[in-house]
Amino acid sequence: MENEKIRVRYAPSPTGMLHVGGVRTALFNWLFARKNGGVFIVRIEDTDLERSTEESVEQLKRSLRWIGLDWDEGPEVDGPHAPYRQTERMELYRQAAQRLLGSGAAYYDFATPEELKAFRERAQAEKRQPIYRGGEYRDMDPEQARQKIEAGEAYTVRFKTPREGQTVVEDVIRGPVTFDNANLEDFVLMKSSNTPTYNFAATVDDAEMEISHVIRGDDHLSNTPRQILIYNALGHELPAFAHVPQVLGPDKKKLSKRHGAASVEDFAAQGILPEALFNYLALLGAGYAADEEIFAPEELAERFRIDRVSGNPAVFDESKLLSINQVYIRRKSPEELSLIAAPMLAESGAATPEELERDMPRLTKIMELLKERIGRLTEIPDSVGYFYGGKLDYDEEEFEKQFGKEFVREHFPGLHERLQTLPEWTEEAIEEAVRSLAAEKEKGARHLIHPLRFATTGRTVSAGLFETMALLGRERCLLRIEDVLEKMQRLPKPVS
RNA sequence: GGCCCCAUCGUCUAGAGGCCAAGGACAUCGCCCUCUCACGGCGAAAACCCGGGUUCGAAUCCCGGUGGGGUCACCA
């Protein structure tokens with residue numbers, strides 16, 4: 001196998017959004033391919049006509065690209081094994097089924113759904129496992145079968161599973177996993193609609209596309225013996241298998257919408273950076289050394305070892321994702337962040353597009369000031385918005401708390417005066433004005449700083465007040481202070 | 001229920017028979033820095049599921065139990 005080309009694939013069914021569990025297995029495939037100079041393939045498994053949608057196909061591609069997974073073969077990029085969509089490869093499955101029928105590895109089964117149902121119910125009633133073996137059809141004379149087909153009877157094609165022996169899955173992550181063939185029934189290869197089942201289509205494709213390593217969710221582990229049986233019957237060499245564990249929610253159940261965000265698009269909408277999701281998911285259960293955690297995709301690929309992937313299911317920890325997200329936000333340059341922030345501010349109505357465009361350097365400075373305080377992109381409009389616009393809306397209760405104090409009411413006008421007459425509007429000058437007034441009145445500067453912050457930003461938390469005010473600009477600060485001065489008149493009697 | 005997988009702090013994990021009186025990260029809780037909030041620094045609390053073996057010696061190997069998960073379709 002060392003000399004063979006590494007070829008891996010991510011094969012989603014387009015029946016909904018791309019879940020984090022799915023991206024993680026896609027990620028592992030990608031990492032493995034990149035690490036070994038192999039080929040990463042995306043194949044759309046849309047044989048379930050009922051549930052597959054075009055919309056999902058688009059979403060899938062979008063999500064994969066958003067997080068930074070590019071594929072070497074697959075939809076849109078094509079490749080030597082095109083098409084990469086199962087509904088367009090039907091002929092291949094039919095031919096494979098014919099081969100299996102011809103070699104006696106498979107047979108026509110004419111049992112009706114009702115008969116099968118009855119069979120299972122009977123088994124259950126007798127507390128036996130319902131393992132269907134095709135009854136009279138398993139060894140029916142081919143000529144007789146042909147006649148039934150010509151007579152228009154519906155049929156499926158089933159695999160003739162050996163009744164004895166064992167099938168061993170040599171799993172890269174778990175080691176050998178053995179299954180007794182006696183527990184496997186004669187599974188369906190081709191449905192009565194003349195379309196393949198998942199196990200059959202996936203196996204035929206993996207064989208035809210010369211997949212060297214099947215890396216997928218461990219919910220497929222129990223399917224693997226069936227696929228191995230098919231591989232053997234087809235006379236094809238086996239790929240290596242690696243079944244990666246599921247991603248669980250905090251309640252240890254499979255992660256789903258119930259847990260809040262579960263799809264890639266959810267995380268994007270919640271202000272998570274793609275590189276952060278990538279990094280977090282790649283770390284989850286991948287068995288990397290624990291000393292460092294922030295890695296670029298290339299670094300992750302370089303260190304990735306499929307045989308190091310942990311076999312136990314991982315609980316998705318949103319707070320860790322958030323902390324990684326914060327790291328990536330901090331790593332962005334103020335320029336990059338301002339480019340992200342501008343459209344968000346425009347959309348939230350905090351600032352007009354013209355206003356933003358006129359002074360991007362200022363936005364850049366603002367982002368530089370605030371980037372350490374932003375955990376997710378979606379916080380931007382709220383924490384940046386007050387740098388734009390004029391007067392503010394104040395929370396009434398907080399307003400009373402800030403400006404009800406006698407000291408503040410007494411000296412705010414004086415503070416306004418000093419700020420208004422400052423020769424230059426710089427961080428240092430503002431700080432000097434505030435601190436000297438407080439010192440003269442023999443009070444701690446914080447007695448002025450907090451109300452000033454509230455007056456100029458409308459909030460009780462912000463970046464450093466003086467740099468914030470400098471960026472806010474003199475005109476806007478004075479306007480807001482004057483507004484507060486006026487509103488203060490309406491406050492009840494001062495308390496000391 | 002049958003079959004299969006898994007089992008170290010709350011979470012993700014390091015650990016591949018002695019280096020472990022179990023290390024790191026996130027979260028939590030203190031303290032420091034400080035105009036608030038973050039950032040940063042320092043520190044604390046916190047785990048080898050249980051029971052048997054094997055061995056001079058087990059978190060590491062074996063068996064059993066328990067717990068969690070997956071899967072049992074003409075879905076994928």
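This structure is a prediction, so every number in the text was calculated from the model and none was measured. What's counted below: heavy atoms across the whole structure, side chains too, no hydrogens, waters or symmetry copies. By convention in this document, chain letters (A, B, ...) are assigned in the order of the sequence lines, proteins followed by strands, and residues within each chain are numbered from 1.
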Looking at [N], I'd like to know if its phosphate oxygens (OP1 or OP2) sit under 4.0 Å from a side-chain N or O belonging to [X].
{"X": "A:Lys191", "N": "B:A76", "answer": "yes"}
{"X": "A:Arg226", "N": "B:A76", "answer": "no"}
{"X": "A:Arg174", "N": "B:A7", "answer": "no"}
{"X": "A:Arg330", "N": "B:C39", "answer": "no"}
{"X": "A:Gln326", "N": "B:C39", "answer": "yes"}
{"X": "A:Arg446", "N": "B:U34", "answer": "no"}

Should the ring pair [X] and [Y] be called parallel, tilted or perpendicular, given that the plane angle runs from 0 to 90° and is split at 30 and 60?
{"X": "A:Phe241", "Y": "A:His243", "answer": "parallel"}
{"X": "A:Tyr108", "Y": "A:Tyr155", "answer": "perpendicular"}
{"X": "A:Phe316", "Y": "A:Tyr280", "answer": "perpendicular"}

Regarding [X], tell me which of base, sugar-phosphate or nothing describes its non-hydrogen contacts under 4.0 Å with the strands shown.
{"X": "A:Lys253", "value": "sugar-phosphate"}
{"X": "A:Thr47", "value": "sugar-phosphate"}
{"X": "A:Ser319", "value": "sugar-phosphate"}
{"X": "A:Asp171", "value": "nothing"}
{"X": "A:Ser323", "value": "sugar-phosphate"}
{"X": "A:Ala111", "value": "base"}
{"X": "A:Pro130", "value": "nothing"}
{"X": "A:Arg128", "value": "nothing"}
{"X": "A:Thr460", "value": "base"}
{"X": "A:Gly444", "value": "nothing"}
{"X": "A:Ser52", "value": "nothing"}
{"X": "A:Ala11", "value": "nothing"}
{"X": "A:Arg51", "value": "base"}
{"X": "A:Phe316", "value": "nothing"}

Using Watson-Crick or G-U wobble geometry with both distances under 3.5 Å, which nucleotide pairs with [N]?
{"N": "B:G43", "result": "B:C29"}
{"N": "B:C37", "result": "none"}
{"N": "B:C61", "result": "B:G53"}
{"N": "B:C3", "result": "B:G70"}

Closest approach to the side chain of [X], judged atom by atom: which nucleotide of [options] is it?
{"X": "A:Leu465", "options": "B:A76, B:C35, B:G2", "value": "B:C35"}
{"X": "A:Asn312", "options": "B:A73, B:C6, B:G70", "value": "B:C6"}
{"X": "A:Val177", "options": "B:C74, B:U36, B:C4", "value": "B:C4"}
{"X": "A:Glu293", "options": "B:G24, B:U36, B:A76", "value": "B:G24"}
{"X": "A:Asn183", "options": "B:C35, B:C3, B:A76", "value": "B:C3"}
{"X": "A:Ser13", "options": "B:A76, B:C35, B:C39", "value": "B:A76"}
{"X": "A:Lys320", "options": "B:C37, B:C12, B:G1", "value": "B:C12"}
{"X": "A:Ala314", "options": "B:U13, B:C5, B:C3", "value": "B:U13"}
{"X": "A:Arg120", "options": "B:A38, B:G2, B:A73", "value": "B:A73"}
{"X": "A:Lys252", "options": "B:C74, B:G70, B:G68", "value": "B:G68"}

**Request:** For the pair A:Glu427 (side chain) and A:Glu467 (backbone), establish whether a donor and an acceptor sit closer than 3.5 Å, ignoring hydrogens and angles.
**Result:** no
**Check: A:Asn312 side chain, A:Pro245 main-chain N or O, donor-acceptor pair, under 3.5 Å** =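 Here the side-chain-to-backbone pair does not exist.
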Quantified in whole Å, what is the [atom1] atom distance between nucleotide [N] and nucleotide [M]?
{"N": "B:A7", "M": "B:C61", "atom1": "P", "answer": "9 Å"}
{"N": "B:A59", "M": "B:G52", "atom1": "P", "answer": "14 Å"}
{"N": "B:G23", "M": "B:G15", "atom1": "C1'", "answer": "9 Å"}
{"N": "B:A46", "M": "B:C29", "atom1": "C1'", "answer": "11 Å"}
{"N": "B:G65", "M": "B:C42", "atom1": "P", "answer": "48 Å"}
{"N": "B:U54", "M": "B:A14", "atom1": "C1'", "answer": "26 Å"}
{"N": "B:A21", "M": "B:C6", "atom1": "P", "answer": "28 Å"}
{"N": "B:C31", "M": "B:G17", "atom1": "C1'", "answer": "41 Å"}

In whole Å, I'd like the distance from the [atom1] atom of [X] to the [atom2] atom of [N].
{"X": "A:His243", "N": "B:C5", "atom1": "NE2", "atom2": "C1'", "result": "11 Å"}
{"X": "A:Ile294", "N": "B:C26", "atom1": "CD1", "atom2": "C1'", "result": "11 Å"}
{"X": "A:Leu370", "N": "B:A38", "atom1": "CG", "atom2": "C1'", "result": "10 Å"}
{"X": "A:Leu255", "N": "B:G69", "atom1": "CG", "atom2": "C1'", "result": "14 Å"}
{"X": "A:Asn279", "N": "B:C26", "atom1": "CG", "atom2": "P", "result": "13 Å"}
{"X": "A:Glu398", "N": "B:C37", "atom1": "CD", "atom2": "C1'", "result": "13 Å"}

**Asked** Is a donor-acceptor pair below 3.5 Å formed from side chain A:Asp317 to base B:A27, judging by atom type as modelled?
**Response**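 A donor-acceptor contact between them is absent.
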**Asked** Does the base of B:C37 carry an N or O that pairs as donor and acceptor with the side chain of A:Arg373 under 3.5 Å?
**Response**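 Side chain to base: pair present.
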**Complete:** Taking for A:Arg24 and for A:Leu321 the nucleotide of RNA chain B with the nearest heavy atom, the one nearer the 5' end belongs to A:Arg24
**Prompt:** Closest nucleotide of RNA chain B for A:His450 versus for A:Thr156: which of these residues is on the 5' side?
**Reply:**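 In this pair, the answer is A:His450.
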**Message:** Which residue in the set A:Phe159, A:Phe187, A:Phe119 passes ring pair (Phe, Tyr, Trp, His ring centres under 6.0 Å) when paired with A:Tyr132?
**Reply:**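 When A:Phe159, A:Phe187, A:Phe119 are each tested with A:Tyr132, the ring pair (Phe, Tyr, Trp, His ring centres under 6.0 Å) holds only for A:Phe119.
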**Item:** Ring centroid separation A:Tyr137 to A:Tyr107 under 6.0 Å
**Value:**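 Ring centroids of A:Tyr137 and A:Tyr107 are no less than 6.0 Å from each other.
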**Prompt:** Hey, would you say the A:His220 and A:Tyr198 ring centroids sit under 6.0 Å apart?
**Reply:**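 They qualify: ring centres under 6.0 Å apart.
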**Request:** Taking the six-membered ring of A:Phe304 (Phe, Tyr or Trp), confirm whether the NZ or CZ of A:Lys35 is under 6.0 Å from its centre and within 45° of its axis.
**Result:**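 Checked: cation-pi criterion not met.
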**Prompt:** With a cut-off of under 6.0 Å to the ring centre and 45° to the axis, is A:Lys443 in cation-pi contact with A:Phe407?
**Reply:** yes
